[in-house]
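See structure below.
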Amino acid sequence: MKPLRIVVHPDNRAALPGGTPRCRPSRRGFARGPGHVCRHQEDIGSGSLVPEGLSEEAVAAAWDEYKGTELNPNSALPGKYKELIGLAVAAQIPCRYCIYFHTEAARLNGADTREVKEAVVMSSLTRKWSTILNGQQTDEAAFRAGMDKVFAYVKQPRPRSRSG
Amino acid sequence: VTDASSAYRDIEQTLGAVPPMFKLYPAAGIAGAWQEFKTVQLNPKSAIPGKYKELIGLAVAAQVPCRFCVYFHTQAAKLNGANDQEIAEALAMAGLTRHWSTFLNGNLISEPTFRKEVDQIVAILRKRSQTASR
């Protein structure tokens, strides 16, 4: 097993979370444009989770993508649901690292146990029906037509059932 | 709903018809399968709002990949108010998860070390968000 090696440049290690990071291009070449390692640290407070195995060319772009999508509070989906989506995907790969990470990240974003459970169940439901529909070589056009009827039906405004 | 015929009746009442997917399910298990579908996915009082349940379904479907499921969950997410940006982002999250899964598993990263690092990061971020909210 390869250890997960921390790639933060020594100049950046001194920067504590919340403090002012001292940014300098890493000698390792990870900070091609000065600041990639540093921006990483500003946000996460650690340079870990970037194992040695990631090619140097890939680090900056991978981090920018990750930051712009998963960590971006101004993206289309709230953080909690982004992490629950990640968990649902992770659970059925299955990826033990990803399950641990997304569960913790979802909780950090305010998800409770019920929500975590439900995301996992939604994942398993999707896998279940995928197995059935694909395994039976379902006709796709017929499937869509049948579903379109259902969607049209449930879109219709219906009088609310009055109980009491 | 206790048996197949009452399940089909309930499906028709809820969805307007019995769609092909439920006809494909073995009759012996349809009552339970329908109940599960209804109480989890269609239940407006479950833990996760419908829009996000469908986006979760879509994210999973996209990387199975399952064409039926992609179609279904995209339509169902839109029906629940999801816009194109939200759909694109759910798909991107599925892609990101697969991407890092491939990378972490492929490198046989040490699991205890990985967990420890996640714990550290979560602790830092939790502390930071507490400080920020003060």
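Numbers restart at 1 for each chain; the letters A, B, ... are given by sequence-line order, proteins then strands. Note that the coordinates shown come from a computational prediction; the quantities given were computed from them, not determined experimentally.
- Annotation: maximal heavy-atom pairing with chain B below 4.5 Å, among A:Glu115, A:Lys117, A:Arg107, occurs at A:Glu115.
- B:Thr14 touches chain A through its backbone: at least one of N, CA, C or O sits under 4.5 Å from a heavy atom, while the side chain does not.
- Heavy-atom pairs under 4.5 Å with chain A were tallied for B:Gln63, B:Met93, B:Glu36, B:Gln41; the largest tally goes to B:Met93.
- In terms of heavy-atom proximity, A:Tyr97 sits nearest to B:Leu108 at OH-C, 3.9 Å.
- In this structure, the portions of A:Leu77 lying under 4.5 Å from any heavy atom of chain B include both its backbone and its side chain.
- Rounding to the nearest 0.5 Å gives a distance of 10.5 Å between NE2 of A:His102 and CG of A:Leu84.
- Interface remark: A:Lys80 contributes no atoms to any contact with chain B (heavy atom separation under 4.5 Å).
- Using a 4.5 Å cut-off between heavy atoms, B:Ala76 touches chain A through backbone and side chain atoms alike.
- At a 4.5 Å heavy-atom cutoff, the contact between B:Leu96 and chain A is made by side-chain atoms alone.
- No side-chain donor from either of A:Tyr153 and A:Asp148 sits under 3.5 Å from a side-chain acceptor of the other.
- When the candidates A:Glu65, A:Glu104, A:Gln156, A:Gln92 are compared by the number of heavy-atom contacts under 4.5 Å with chain B, A:Gln92 comes out ahead.
- Interface check for chain A: of the options B:Glu54, B:Lys116, B:Gln85, B:Gln75, the most heavy-atom pairs under 4.5 Å are formed by B:Gln75.
- Heavy-atom distances place the side chain of A:Val121, and not its backbone, under 4.5 Å from chain B.
- When all heavy atoms are compared, the tightest approach of A:Thr103 to A:Ile99 is OG1-O, 2.6 Å.
- Considering every non-hydrogen atom in both B:Lys53 and B:Asn43, the closest pair reads NZ-O, 2.9 Å.
- For A:Gln137, the CD atom sits in a loose shell: 12 or fewer heavy atoms of surrounding residues, nucleotides or ligands are nearer than 6.0 Å.
- In this structure, the portions of B:Ala33 lying under 4.5 Å from any heavy atom of chain A include both its backbone and its side chain.
- In this structure, chain B has heavy atoms under 4.5 Å from both the backbone and the side chain of A:Ala119.
- Ranked by non-hydrogen atom pairs under 4.5 Å with chain B, the options A:Lys149, A:Arg127, A:Lys155 are led by A:Arg127.
- A donor-acceptor pair shorter than 3.5 Å can be found between the side chains of A:Ser130 and A:Asn134.
- Between chain A and the residues B:Ser101, B:Ala92, B:Cys69, B:Ser129, the largest count of heavy-atom pairs under 4.5 Å involves B:Ser101.
- We find that B:Lys38 and B:Asp10 are joined by a salt bridge, their nearest charged nitrogen and carboxylate oxygen being less than 4.0 Å apart.
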Item to complete: Apply side-chain hydrogen bond (donor to acceptor under 3.5 Å, both in side chains) to the pair A:Ser75 and B:Glu89, showing each step before the final yes or no.
Response: CA-CA 8 Å; A:Ser75 77; B:Glu89 205 167 297; 2.5 Å; yes

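- Note on A:Leu108, A:Asp112, A:Thr69: by heavy-atom pairs under 4.5 Å with chain B, the leading option is A:Leu108.
- Counting heavy-atom pairs closer than 4.5 Å to chain B, the top residue among A:Lys128, A:Met147, A:Arg114 is A:Arg114.
- Proximity to chain A (any heavy atom under 4.5 Å) is shown, for B:Ile48, by both the backbone and the side chain.
- Between B:Lys51 and B:Glu86, at least one side-chain nitrogen of the basic residue sits less than 4.0 Å from a carboxylate oxygen of the acidic one, meeting the salt-bridge criterion.
- Interface residue A:Glu140: backbone and side-chain heavy atoms are both found under 4.5 Å from chain B.
- Contacts classified as ring pair (Phe, Tyr, Trp, His ring centres under 6.0 Å) and involving residues 56-76 of chain B (residues at least two apart or in different chains) are given here: A:Phe143-B:Phe68, A:Phe151-B:Phe72.
- The candidate from A:Val154, A:Asp139, A:Leu133, A:Ile132 with the greatest count of non-hydrogen atom pairs under 4.5 Å with chain B is A:Leu133.
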